[in-house]
*Asks:* 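Got a structure for you, questions after.
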Amino acid sequence: MKDGFITIHGHFYQPPRENPWMETIETEESAHPFHDWNERITFECYRPNTRARIVDGKGRILDIDNNYSSISFNFGPTLLRWLEEKFPSVYQKIIEADREGFKRFGYGNAMAQVYNHIIMPLANERDKETEVLWGMADFEKRFHRKPDAMWLPETAVDYPTLQVLVRHGMQYLILSPFQALRVRPFGGKKWTDVSQGRIDPTQPYRCFIKDSSGKRLSDQFIDIFFYDGMISREVSFGDLLKDGNGFCDQFVKVYHPSKKRPQLIHIATDGETYGHHKKFGDMALAYALREGFSSRGFEVTNYGAFLKRFPSIYEVEIDEGPKGEGTSWSCAHGVGRWKEDCGCSTGGRPGWNQKWRGPLREALNLLRDELNLVFEGEGKKIFKDVWEARNRYIEVILDRSPERVEGFLERYGNRGLDGRERVKGLKLLEMERHALKMFTSCGWFFADLAGLETLIVLQHAARAIELVEELTGQGMEEEFVKRLSKAKSNLPGLGNGGQVYRRLVKPRGITLEKVVNHFAVSSLFDDERKEKKIFSYWIERMNYERMGKNHSLLVLAQVKVASEVIPDPKEFFFGLMPSGKDVFRTWVSECKPTLHFGMLREKGLENLGKNEAEVGRILTSILGNQTFTIRDIFKEERQAIFQKLIENELKEHRRIYAELFDRSKRAVEALAREGLEIPFEIRVAAEVTLSDRLFHEVEALQKDFGAILKRKEIDRIVGEAREHGFHLRVQEPLVVLNEMLKEKME
């Protein structure tokens with residue numbers, strides 16, 4: 001089978017889950033026991049594929065391979081950025097895999113991707129351009145080479161999209177076989193209809209660009225690989241990955257010796273299929289790549305290498321879909337899934353509809369156009385060319401160091417910009433960044449307006465609106481909410497889009513005052529560092545005084561707060577005191593010339609020890625009535641702060657439980673020997689005490705592994721719990737053990 005070639009393509013992507021104000025992913029309960037879905041899928045897919053196990057018939061590990069070094073792949077830029085920060089070893093293996101592919105095939109394995117995973121045919125021309133340029137720049141920064149191909153989100157395509165790719169040097173792309181319309185050999189006159197998935201996917205095809213009038217441009221073209229639809233579907237939705245041999249045999253079935261020409265049998269699926277959607281799919285893939293395909297006479301390659309050896313000899317025209325709006329791989333109605341109730345949905349209940357998609361798309365389109373008018377009008381006062389500045393803003397997104405920001409403003413800004421104008425320029429560009437993010441395709445993909453992914457795109461819309469209102473004082477939110485209200489949730493209790501926005505989106509917003517409150521409460525347990533980073537914000541202590549203690553505690557401070565994204569520092573005063581109803585209450589006020597810290601401190605000392613209501617009145621008279629409570633601290637650290645608040649009480653309770661457990665131990669053993677039930681109170685004391693002792697023993701392993709094992713205290717604790725049926729709290733010890741194992745593996 002010397003003319004049989006195999007390419008496996010994995011599209012690795014997760015929607016950007018970061019809170020738009022904090023620039024970090026908050027805890028996602030649905031991903032438990034992991035922090036969030038990115039982390040969960042990393043453990044189930046991204047990391048296993050860097051260390052895929054090759055096993056024998058008895059399950060013994062023979063070798064470990066990096067699957068990425070043998071497949072074609074693309075990673076969403078926002079996902080790669082997250083991996084670089086959170087799982088650098090996984091990130092590095094992905095980068096190395098592209099270099100290994102280059103050594104092996106003469107072409108790298110990695111493809112670039114449109115930056116924000118937007119549906120390109122539904123984007124305007126400027127957004128198409130920016131998304132491609134940002135995707136290319138991100139790829140170059142990570143893989144240290146120019147991309148020769150780009151993955152289109154949902155493989156959504158039309159001719160204007162192809163034209164942008166060609167203009168920026170993309171040589172090939174991957175589409176579904178159902179996106180081809182007709183083919184003919186080079187120089188031929190007669191077209192053959194290959195619609196409805198009838199194209200032969202074993203060779204590349206050249207697609208010539210058409211201009212807006214439909215004229216074929218003979219000097220502008222891109223080569224297209226249409227993946228094998230049957231095998232791809234079986235991998236994604238069938239059981240093909242349950243057995244590596246069965247997986248390989250499926251490729252043999254579609255190989256036709258009668259063609260007497262090189263055949264590329266290739267598939268494209270979500271990369272998460274290999275390990276996340278299909279457990280142990282990474283192992284089936286590893287076996288196929290290591291020996292399964294070669295033992296059947298196939299040669300594994302990647303798209304660039306195959307195209308170099310066997311250039312296209314056929315021309316293709318793509319299907320432009322209903323009304324010429326484009327087609328995709330996951331919607332049988334072109335790109336209807338991202339703009340109307342076309343019938344495609346995921347995760348819905350009987351009787352649900354997706355009529356909300358149209359009003360959502362319309363509201364965001366109109367908002368984008370309004371934001372662009374502001375960007376263009378205000379931006380020309382700051383930038384030499386506003387759209388060139390936006391296209392190049394990726395330089396700052398990839399590196400927000402002061403030096404990079406300064407260099408960017410020097411290159412693309414007008415001469416002589418002062419500090420206020422520089423901040424304004426960054427706000428305008430951030431407004432545009434969020435305007436692009438609000439079109440992330442996942443916002444329309446699933447079943448309801450109030451779904452997690454839709455709420456994320458609406459959060460980006462809210463952040464963009466907030467920025468434009470800061471810049472211009474022009475209120476856009478009311479009109480946006482009015483338009484959004486035409487969309488209806490399938491969940492009766494949530495109502496329309498406006499209600500969803502107000503109830504589920506707006507509360508996620510963060511103000512600098514909320515950052516100050518979070519700092520105020522957390523400062524009770526932190527060291528006295530002059531600077532502290534709270535997610536994407538820097539807090540500098542300028543003055544800080546803690547007076548009294550317990551119920552008469554009073555904390556007064558002056559702090560400077562600045563966003564890491566838009567460095568526009570502001571100073572605030574705060575006063576924090578215990579509250580019988582709210583645990584803590586914080587008064588926050590932006591600094592004003594009529595108040596200085598010495599005056600605030602003097603008033604605090606005068607009233608220290610007075611009752612809560614009286615001290616509260618004094619703080620209100622000085623700092624105003626903008627107050628926050630412990631409920632306003634950020635969700636991401638709320639549990640940790642609560643734990644610290646009650647730590648002393650918990651220590652005391654643990655001591656009491658331990659005394660009860662130790663005193664009643666002989667009685668418990670006697671009861672157990674007689675087969676009698678252990679009293680509930682003693683059982684609770686035992687479970688709390690043994691769980692604590694287990695955790696401390698496991699922690700001690702980090703200091704002296706051998707000595708702790710020799711003591712056998714961990715075995716004794718676990719044995720005692722098993723003997724009496726006590727339930728141990730094992731989550732904390734497992735975290736410690738996992739970290740130790742991770743360090744050893746690194």
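Values reported hereafter were calculated over all heavy atoms of this structure, with side chains retained and with hydrogens, waters and symmetry mates removed.
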*Asks:* Can you run down the salt bridge (Lys or Arg N to Asp or Glu O under 4.0 Å) pairs that involve residues 255-270, sequence neighbours left out, and say none if there aren't any?
*Replies:*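 Every salt bridge (Lys or Arg N to Asp or Glu O under 4.0 Å) pair that includes a residue of residues 255-270, provided the two are not neighbours, is Asp200-Lys259, Asp200-Arg261.
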*Asks:* Using only heavy-atom distances, determine whether the side chains of His266 and Tyr303 contain a donor-acceptor pair under 3.5 Å.
*Replies:* yes
*Asks:* Are Asp223 and Arg206 ion-paired here, with the side-chain N under 4.0 Å from a carboxylate O?
*Replies:*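 Salt bridge between Asp223 and Arg206, a charged N being under 4.0 Å from a carboxylate O: yes.
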*Asks:* Please tell me whether Tyr159 and Asp211 have a donor and an acceptor in their side chains that are separated by less than 3.5 angstrom.
*Replies:*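 The answer is no; no qualifying pair exists.
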*Asks:* Quick test of your reading of the model: are Asp448 and Arg349 salt-bridged, counting only N-O distances below 4.0 Å?
*Replies:*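 No, Asp448 and Arg349 are not salt-bridged.
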*Asks:* Examine Trp82 together with Phe87 and report whether their ring centres are nearer than 6.0 Å.
*Replies:*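 Ring centres of Phe87 and Trp82 closer than 6.0 Å.
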*Asks:* Can Glu317 and Arg216 be counted as an ion pair, charged N to O under 4.0 angstrom?
*Replies:*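 Result for this pair is no, no salt bridge flagged.
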*Asks:* Taking only Lys NZ, Arg NE, NH1 and NH2, and the carboxylate oxygens of Asp or Glu, determine whether Lys355 and Asp341 approach each other closer than 4.0 Å.
*Replies:*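 Salt bridge absent between Lys355 and Asp341.
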*Asks:* Could Glu28 and Arg40 be called an ion pair, given the rule that one side-chain N must be under 4.0 Å from one carboxylate O?
*Replies:* no
*Asks:* Should Asp193 and Arg198 count as an ion pair when the cut-off is N to O under 4.0 Å?
*Replies:*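 Judged by the 4.0 Å cut-off on N to carboxylate O distance, Asp193 and Arg198 do form a salt bridge.
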*Asks:* Which heavy atom of Gly108 sits nearest to which heavy atom of Arg145, and what is that distance?
*Replies:* CA-NH2, 3.6 Å
*Asks:* Does Arg126 come within less than 4.0 Å of Glu131, counting only side-chain N to carboxylate O?
*Replies:*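 A salt bridge is absent here (no side-chain N lies under 4.0 Å from a carboxylate O).
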